[in-house]
Amino acid sequence: MKKESNNFSDIDLDRIIEMAWEDRTTFDAIYFQFNLSEAAVKALMKKELKFSSYKLWRRRVENCNTKHSAKRASGIDRFKCSRQRSISNNKISKR
């Protein structure tokens, strides 16, 4: 496993936080794009958010079945909704 880097640009940092808030985006997707484990995302969110916002986010993540790939329904095999617009700040190009 590679060492996780905390040297993100402001755009990447904003995108990581946005992905962490999205219910359908799994921690696996964040790891795939930014090489951040679930624990690293939680630490980053704690550092970057106000404490009250962090507590709200943690409560939301704990109760969200789509945030963890192991808890997701077996029919969901993608990182985002098929109807969602493409996002220009993704590091991964369209395929």
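Summarising the geometry, atom CD1 belonging to I17 is positioned 12.5 Å from atom CD belonging to E22; distances are rounded to the nearest 0.5 Å. With rounding to the nearest 0.5 angstrom, the CZ atom of F32 is 10.0 Å from the CE atom of M19. Considering CZ of F34 and CZ of F8, their distance stands at 7.0 Å, rounded to 0.5 Å. Within the model, atoms CD of Q33 and CZ of R15 stand 6.5 Å from one another, a figure rounded to the nearest 0.5 Å.
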### Task
List the steps and the verdict of side chain to side chain contact (heavy atoms under 4.5 Å, CB included) for L36 and F27.
CA-CA 8 Å; L36 282 177; F27 287 112; over 6 Å; no
### Message
Between L49 and L56, is the side chain to side chain contact (heavy atoms under 4.5 Å, CB included) condition met? List the steps.
### Response
CA-CA 10 Å; L49 299 178; L56 178 69; over 6 Å; no
### Task
Kindly indicate, with the supporting measurements, whether the criterion side chain to side chain contact (heavy atoms under 4.5 Å, CB included) is fulfilled by R60 and D23.
CA-CA 9 Å; R60 182 177 173 147; D23 288 338; 2.9 Å; yes
### Query
Run the side chain to side chain contact (heavy atoms under 4.5 Å, CB included) check on N35 and I30 step by step: do they pass?
CA-CA 7 Å; N35 198 33; I30 297 170; over 6 Å; no
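Taking S9 as the reference, I11, D12 meet the side-chain contact (heavy atoms from CB on, under 4.5 Å) condition, with sequence neighbours excluded.
M45 and Y54 get closest at one heavy-atom pair: C-CD1, 3.8 Å. For the residue pair A20 and V41, the shortest heavy atom distance occurs at CB-CG1, 4.0 Å.
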